[in-house]
Asker: 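Got a structure for you, written out below as structure tokens; questions coming shortly.
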Protein chains: 2
Amino acid sequence: MDQMYSFVQMKLQNLATSDHASVVSMNLFVALLCACIVIGHLLEESRWMNESITALVIGVTTGVVILLISGGKSSHLLVFSEDLFFIYLLPPIIFNAGFQVKKKQFFRNFITIILFGAVGTLISWTIISFGAIQFFKNLDIGSLDIGDYLAIGTIFAATDSVCTLQVLNQDETPLLYSLVFGEGVVNDATSVVLFNAIQSFDLTHLNTSTAFHFLGNFFYLFLTSTLLGVLTGLLSAYIIKKLYFGRHSTDREVALMMLMAYLSYMLAELFYLSGILTVFFCGIVMSHYTWHNVTESSRVTTKHAFATLSFVAEIFIFLYVGMDALDIEKWQFVSDSPGTSVAVSSVLMVLVMVGRAAFVFPLSFLSNLAKKSQTEKISIQEQVVIWWSGLMRGAVSMALAYNQFTRSGHTQLRGNAIMITSTITVVLFSTVVFGLMTKPLIRILLPQPKHTTSATASDPNTPKSLTVSLLGSAQDSFDFGASDVPRPSSIRALLTTPTHTVHYYWRKFDNAVMRPMFGGRGFVPFVPGSPTERSIRE
Amino acid sequence: MDQMYSFVQMKLQNLATSDHASVVSMNLFVALLCACIVIGHLLEESRWMNESITALVIGVTTGVVILLISGGKSSHLLVFSEDLFFIYLLPPIIFNAGFQVKKKQFFRNFITIILFGAVGTLISWTIISFGAIQFFKNLDIGSLDIGDYLAIGTIFAATDSVCTLQVLNQDETPLLYSLVFGEGVVNDATSVVLFNAIQSFDLTHLNTSTAFHFLGNFFYLFLTSTLLGVLTGLLSAYIIKKLYFGRHSTDREVALMMLMAYLSYMLAELFYLSGILTVFFCGIVMSHYTWHNVTESSRVTTKHAFATLSFVAEIFIFLYVGMDALDIEKWQFVSDSPGTSVAVSSVLMVLVMVGRAAFVFPLSFLSNLAKKSQTEKISIQEQVVIWWSGLMRGAVSMALAYNQFTRSGHTQLRGNAIMITSTITVVLFSTVVFGLMTKPLIRILLPQPKHTTSATASDPNTPKSLTVSLLGSAQDSFDFGASDVPRPSSIRALLTTPTHTVHYYWRKFDNAVMRPMFGGRGFVPFVPGSPTERSIRE
């Protein structure tokens, strides 16, 4: 017994070594992830909560506990690392979004999405940057130069697409989902491009030529990133179609799809492009071609494995952000003047709201002008929901703020510390408050048939269209009229808007050129009762 | 055009920064992984090659190319990191092995496996350690103390279970597979326990009490590790059964299974147990209970996702080891006296062969004594295959060698450098030569019916029983006689050996106590044509 005791004591002493400390924190982190999943499941009946908020709350609670145990020294298990976020956590989330997105909806609203995501973000950025310059002058927050202000604009113009995914439902409000989420992806890309531009451009000599150079840079990045994603996706489809014809191996197919998707992201990073855009379009192409070239078990596996990876990465991020919220090093600077910090956070929050309002309503008006059919226009209620559900700020804002205002996670400047704490405040406040109120708001503004509402209440945990049966959601795209004889519904659709004409020609091109080369579903007739049938009803 | 050129030039300059260097190496690494999969697929018709050797060859080739490009400075993209190996790459491989292993075969041979894995490894370790002490005296290899020699014994007593998986086929030679692979897992655990014991015990005062303490420590570790794995597995089954009853969410189930499996490994590391044993038994319990509590799409997803993760981790390891083989820092020490290095490697290789022969044949004889039926005995041909296919040394040996003879990957001592290069030599030689010759050897020693042989030749790429159809292999355990009325075949089986009596009581206990609590398949009748049917034929 004594020997046992001394053994345990020896083990406990070993615990103090730094190598073992990381094992302890990993254990705690994995256990917390499990707890988030279980608690999130128990709370799924709730009308207000969602998984992000649960993870955020658990993260903050753990942070408080760690802070108390460590005697006020530290509150997190791991220091917020941009690398971890941008290299490991973000790619699976965005790829899965592209993989599961309803492509028909997405491309039908393509122009509106680009308008919101690119032009809208620029408007929002301008308002937040200049607003910050105006208001922060009167507040005593240390020295910030013009680059810092422009960076603040970018940081707070970045909508959190991860949080959006949790709040909106693809099956319930498909138009809103595709608009807000599509905007989020383009917006992320715009923010990253803007941010890199601000860090690399010489901002002391702003003139028209710089502006044009900047604009050219933006379009170049947008187009090349998209192209890279599409090419990688097509390459994966081609390789799997050529090599695996006749003899399939599920493991190899799944591994190859996963690795190629990740490769597209890393290639974009290699060429200083927007990895987010690349991996998103790679996901779209893979679900349109590659996914149909593999065995059925590979299809089920990829669909759910990608969704699971994305799900875990999301919870990881929110847990992480929650734990990092009590970053004691930065809060110490703020504790001298709590008023300043509150003022800065409030100003930023108001600027975010104004900045978003300044582009959602005008651009929706513009977009409505182009649409002939009344049902396709964005109603004023929908505009309010779009405005509201894009107000959340998340991990992208955190990562950009840490990049701009700290050196590998640490800072000694008061102004920088205040900006970090304000970012944390805005992220927590917007995620919790706006996140909690989005579902009720949608219920008030956009009343749904009774059964749909109850279906939503029981499935808020499956945001990425996982309510769809086994093989449903990745198959629904380009489905209507996939056979050569167009159905009545698709003929009617062809006559309404020019987008449908584009779609018609795309379909012809797809059937004639792309599918013979890259595979894909081809001319498969509808089997009644199969998951694809549901796309007819859309 | 000029602007474009200067732009490209600016990008190229940025490439030189260290942050971007890691992006470049990650790109190259992911691309190489893809290449390994594609080339491995193209070579799958080959009778000699397997995926490990392909990855190893590609790794060495890339190492040579990098060495030439960098002008002889460096040959790897990443320095071999034990953490990467033990924390991220090994767990999925061992977990998947437990998840996919044929449990009936494994438990039927349980005693033999333990005998081989624990007693056998100790015999092998003793012979290699004392052999090294004897032979290395005469070679000029710098100062090695008694701890170093005992460590050498452990390093080279560690069979590479990853490589074994690639070479033997679970469906073709089930007895050999379960023996060699089961031994590999227990052996890994024994090696790690031995290694930790050697590093922590005071070796200057070796006496009987130390030996008993050591033996007690070993049994304590073995039992607690197994228990921890079983408990974590049961906990996961219980949580999923309780919480998800009636309303399933595939993402959550898959995420929870993945995280709980990983948690079991990390918990074992936390308590200084053998993570390998823990995660292996966790995999067995999960496939027996948890797996049957989830939806069908979760089953397909977990089965293939775990196999894919394991597959990618395996290729990753071999690629990594291959690239690390040209570790220029260590080879420089050796280049002065190439003869010594060749001598050391040869001595080690011979010791490995003798050490393994010294336990395989005697222990097989012992095991045969306990068996009554002639068909269950291990024939002399099978003994030769067991001896041969366990001669490969792999990543575990590399990781232990780096741990013992370097400090975070570097060393300036000549003796240490020679030990690293000798380990690399033994690993490369044994994997390539023994790996290449195992398949032909099995074909010569154990002739199979013609059609089985041809089936093997076309599917060597699916080592982990993936040739079995969709849901086959994880379901086959405990299947015969799963209904309450024992079939004739199972009655006959009951009468043959005492192992079957243990199995009979276990089945009763499982049905009466475990299954009502933790789920599992229960009394499901056989559906003709379903994947479970195949287990009757076994």
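Bear in mind the structure is a predicted one, so any value in this text is a computation, not a measurement. All values below come from the heavy atoms of this structure, side chains included, with hydrogens, waters and symmetry mates left out.
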Asker: Working to the nearest 0.5 Å, report the span between OG of S297(B) and CZ of R299(A).
Answerer: 15.0 Å
Asker: How far apart are the closest heavy atoms of F311(A) and D251(B), and which atoms are they?
Answerer: CD2-O, 4.3 Å
Asker: Between L259(B) and C34(A), what is the shortest heavy-atom contact and its length?
Answerer: CB-SG, 3.6 Å
Asker: Sort out for me which residue in L309(A), T301(A), T308(A) forms a side chain to side chain contact (heavy atoms under 4.5 Å, CB included) with V254(B).
Answerer: T308(A)
Asker: Over all heavy atoms of both residues, which pair between V312(B) and A255(A) is shortest? Give the atoms and the distance, please.
Answerer: CG2-CB, 3.6 Å
Asker: Can you tell me how far apart CE (M260(B)) and CD1 (I37(A)) are? Round to the nearest 0.5 Å.
Answerer: 10.0 Å
Asker: Which heavy atom of N27(B) sits nearest to which heavy atom of L270(A), and what is that distance?
Answerer: ND2-CB, 3.3 Å
Asker: Should M26(B) and I87(A) count as side-chain neighbours, where that means a heavy-atom distance under 4.5 Å?
Answerer: yes
Asker: Do H304(A) and S298(B) have side chains that get closer than 4.5 Å, going by heavy atoms?
Answerer: no
